[in-house]
Amino acid sequence: MSHASAPGKIILFGEHAVVYNRPALAVPVTQVQADVTTDFVETDFFTETRSKTDGGEENWENSLLIEAPDIGLFSTLRALLADSTPHPLATVIIRTLQTVGVTRPPALKIRITSTIPVASGLGSGAAVSVAIIRALSALFEQPLSDEQVNQLAYETEKLHHGTPSGIDNTVITYAKPVYFVRGQPIETFQVGAPFTLVIADTGISAPTKESVGDLKKLWEANKSRWEAVFDQVGGIVKVARKAIESGKWEVLGPLMDANHALLQKMTVSSPELDRLVLAAETAGALGAKLSGGGRGGNLLALVTPASAEQVASALLSAGAKQTLITTIQ
Ligand code: PMV
């Protein structure tokens with residue numbers, strides 16, 4: 001038997017500009033996590049499942065069962081592969097088995113649970129991938145290096161999200177604050193003094209692919225204008241990293257506001273996000289911004305430990321669907 005877990009993540013600064021090779025900062029969110037348990041099982045266990053899903057045909061993919069009760073999934077690998085676009089879970093399982101050189105695994109069960117809200121910018125997909133890769137490679141006694149785990153998780157992200165920068169899988173694999181520059185070696189950094197954030201979910205699901213695609217069209221129409229905006233974001237990210245490392249976290253408030261204004265310019269905010277950012281600040285947040293793809297999803301508010309509850313409840317009253325108070329350390 002093997003088990004692995006992976007945390008959620010949040011982007012602090014630099015989303016979108018990171019796609020254009022500017023740096024971004026992201027941190028793990030350890031209050032939420034994905035858990036994966038894998039175990040070899042008796043083949044008999046599958047007889048019933050097989051006859052239900054595949055007409056009993058003999059194939060090792062029929063003897064690999066995936067259970068993800070949170071999303072109501074109970075399926076064989078074969079059934080997941082049968083769809084016209086292979087299911088993300090199937091892709092990551094197949095690629096992990098290929099990487100560890102297992103071509104015909106014995107009957108086994110993979111159980112996936114997660115407390116990371118789905119499709120809300122907290123990296124649930126990447127966390128599930130990372131946990132599957134680690135649990136499955138450990139089951140075959142061939143644990144992979146962080147670099148291999150990160151690469152495999154990135155390949156899965158690419159298949160299902162177009163052109164991701166790779167920031168999600170990186171911060172989740174290393175489970176440390178990351179200063180991320182696309183295509184560059186991974187750079188983690190230290191948090192000089194802990195700081196508190198309220199993460200609030202607008203409840204609006206907005207595909208990152210679309211906001212990234214729309215911004216790309218704007219960029220193509222006027223590259224120099226947008227490159228200048230991305231440079232400004234890159235400048236904010238560098239100042240923010242120094243502030244975090246030296247424990248001067250109060251400085252992050254105005255930097256968040258400045259980053260949010262640039263994201264508004266990029267057309268990736270939304271009236272709901274703007275309203276919630278304002279509500280957080282009215283309730284005492286030191287700064288706030290959208291986080292991730294935008295147009296919906298999450299926002300972040302910088303708070304003192306004393307004002308966290310007050311800001312979280314103001315956000316809920318203003319229409320946020322969920323809030324999470326997290327300490328970054
Ligand atoms: O929506 P999220 O949290 O997965 O973040 C997307 C971040 C972008 O910079 C908009 C896209 C990317 O691939 O980095």
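Both counts, for ligands and for their atoms, begin at 1 and track the order of listing. Predicted model, so just to flag it, every value in this text is computed and none were measured.
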Donor on one side chain, acceptor on other, Asn298 and Ser291, under 3.5 Å: no
Aromatic plane relationship, Phe140 with Phe40 - under 30° parallel, 30 to 60° tilted, over 60° perpendicular: perpendicular
Arg295 versus Thr208, side-chain donor and acceptor atoms under 3.5 Å: no
Ligand 1 N/O to protein N/O, distances under 3.5 Å:
residue  : atom   : partner : partner atom : Å
ligand 1 : 1 (O)  : Thr208  : OG1          : 2.8
ligand 1 : 1 (O)  : Gly293  : N            : 3.0
ligand 1 : 3 (O)  : Lys9    : NZ           : 2.8
ligand 1 : 3 (O)  : Gly121  : O            : 3.4
ligand 1 : 4 (O)  : Asp168  : OD2          : 3.3
ligand 1 : 9 (O)  : His16   : N            : 2.9
ligand 1 : 13 (O) : Ser165  : N            : 2.8
ligand 1 : 13 (O) : Ser165  : OG           : 3.4
ligand 1 : 14 (O) : Ser165  : OG           : 2.5

Side-chain heavy-atom pair Val178, Ile167 within 4.5 angstrom cut-off: no
Side-chain ion pair, Lys9 and Asp168, N-O less than 4.0 Å: yes
Glu272/Arg275 ion pair, N-O < 4.0 Å: yes
